[in-house]
Amino acid sequence: MEKKLAEYKCSTNEAIQLKLVRFPEDIEDESIMFNPEYSHQIFGDEEVAFGYKGLKILLYCSAGNLSTMFRVQYSSKVSDKFDLVQPDDVENKIHELIPAGFCCGTDDFISLLEKEVNFKPFGSIVHTYTVHNEEAGEDITYQIYKADMTCPGFREYHERLQTFLMWFIETASYIDVDDEKWDYFLVFEKYNKDGATLFATVGYMTVYNYYVYPDKTRPRVSQMLVLPPFQGEGHGAQLMETVHRYYVSAPNIFDITAEDPSENFVRLRDFVLVKLCQNLACFSPEKLVCGFSQEMVTEAQEKLKINKKHARRVYEILRLRATDMSDLEKSKAYRLDVKKRLVGPYKKNQREMTKMQQCLRPEELTNQMNQIDLNTQHEQLEESYQQLVEEYRRIVERLAQA
């Protein structure tokens, strides 16, 4: 019995099928379908739906306005085979996530697609750029807009857009859109359909403006997402750099930070900040070799609103680029300089050990000594350094291609 019931378990990450639809023929085109990375916030930690075989949860959105078609399909249901065994209420779980106004039929969805010609981006344009598309053999134009909740229709559009966070950010949560301190930056692709210019949603970023005493503001990036069909094309870097430049131009900005950044976000931020800083006089090769300086901290903060911690990483990346690592002496100088920063937590452990020596009994001290193995710390420090340099090298390589 248990073995037979197990056949009715489906991975929700595989069952959920997402599409961004531009043309009616896209509805049947499997090549543009993509799956979520996460579904635990909707279906639990195991990311499983029970009670179905061949489960498909179709969530198709029009490319621009994100008008939604939702449909559940399956080949068989557990309640048809076993009495008193009920399947998960998949439809209700999705209903709780997606805003009202979705359709379930193909004909209704095609009618919504026909209205896409009337969709226009919200807010005001802050940047335009192009990306060469090898397959199409042409440059595609993209635009970044800044919007807020006063834009007609934006609140409803944002409700549809933010549902994608649940599928692609592990710890995603919704923001309070009634708080006026939120800024919204949206990326759109311009494309042609039957001679008309239409817009497709590419991604977005939300930024909260914190107050800094006495008269400054600290913008903090909260959410950032580039939708999967557009990932790997440089849109994240374009969005981040555009947002950074937007705030740098305002005189009341103290610095620009991020809330709980992921590793991917940190790598992207490193690339963007290094790109912005590389032409500052304080980061010239002659000054890089002299070490991290207060001049670098001051100039990065005053000209680009970059805080000391981020300026230090910029310095390390640019110094790596300027260092001949095949030269043993120069390589050693760089390694010691970076490790001097990385060693901070280990020195803290050593200070704690000195304190413990003064107040712990011998047997207690022995237990603590076993936990803080200096050889292990040295190995961890070297491993951290090597991983960091590897990340820095990737950024340097990307800079060379930019």
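Only heavy atoms go into these numbers, but all of them, side chains included; no hydrogens, no water, no symmetry mates. All figures in this text were calculated on a predicted structure; none of them were measured in a lab.
Outside the 6.0 Å centre-distance limit, the rings of Tyr191 and Phe188 are not counted as a close aromatic pair. When ring centroids are compared, Tyr246 and Phe185 come within the 6.0 Å threshold.
Between Asp324 and Ser326, the side chains place a donor N or O and an acceptor N or O closer than 3.5 Å (distance only, hydrogens not considered). Tyr247 and Asp183 share a donor-acceptor pair across their side chains, judged by distance under 3.5 Å alone. Side-chain contact, Glu286 with Ser284: a donor N or O sits under 3.5 Å from an acceptor N or O. If you check the side chains of Gln143 and Tyr145, you find a donor sitting under 3.5 Å from an acceptor.
Listed by chain and number, the residues in a ring pair (Phe, Tyr, Trp, His ring centres under 6.0 Å) with Phe230 amount to none (sequence neighbours excluded). Partners of Lys216 under the side-chain contact (heavy atoms from CB on, under 4.5 Å) rule, at least two apart in sequence or in another chain, are Val212, Phe254. Applying the side-chain contact (heavy atoms from CB on, under 4.5 Å) rule to Val72 yields the partners Leu55, Phe70, Tyr74, Val90, Glu91; only residues at least two apart in sequence or on another chain are considered. With sequence neighbours excluded, no residue forms a salt bridge (charged side-chain N to carboxylate O under 4.0 Å, His left out) with Arg220. Residues that satisfy the side-chain contact (heavy atoms from CB on, under 4.5 Å) test with Glu180, not counting sequence neighbours, are absent from this structure. Taking the side-chain contact (heavy atoms from CB on, under 4.5 Å) definition, one finds that Asn252 meets it with Thr217, Ala250, sequence neighbours left out. With sequence neighbours left out, the ring pair (Phe, Tyr, Trp, His ring centres under 6.0 Å) criterion links Tyr129 to His127, Tyr142, His235. The salt bridge (charged side-chain N to carboxylate O under 4.0 Å, His left out) test applied to Asp337 returns Arg312, Arg319, not counting sequence neighbours.
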In a table with atom names and distances, give each donor-acceptor pair under 3.5 Å that connects a side chain of residues 192-202 to protein atoms at least two apart or in another chain.
residue : atom : partner : partner atom : Å
Lys193  : NZ   : Arg22   : O            : 3.0
Thr201  : OG1  : Gly64   : O            : 2.8
Thr201  : OG1  : Tyr157  : OH           : 2.8

Donor-acceptor pairs under 3.5 angstrom involving side-chain atoms of residues 103-115: please list them, not counting sequence neighbours.
residue : atom : partner : partner atom : Å
Thr106  : OG1  : Arg71   : NH2          : 2.8
Ser111  : OG   : Asp107  : O            : 3.2

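Counting only residues at least two apart or in different chains, salt bridge (charged side-chain N to carboxylate O under 4.0 Å, His left out) contacts with residues 29-56 comprise Glu7-Lys53. The ring pair (Phe, Tyr, Trp, His ring centres under 6.0 Å) contacts involving residues 265-293 comprise Phe292-Tyr315, where partners must be two or more places apart or lie in separate chains.
Remark: Lys339 is positioned above the aromatic ring of Tyr385, its terminal NZ or CZ atom under 6.0 angstrom from the ring centre and at most 45 degrees off the axis.
A salt bridge links Arg245 to Glu241: one of the charged nitrogens lies within less than 4.0 Å of a carboxylate oxygen.
Ring orientation note: the planes of Tyr184 and His158 are nearly perpendicular, at an angle over 60° on the 30°/60° scale.
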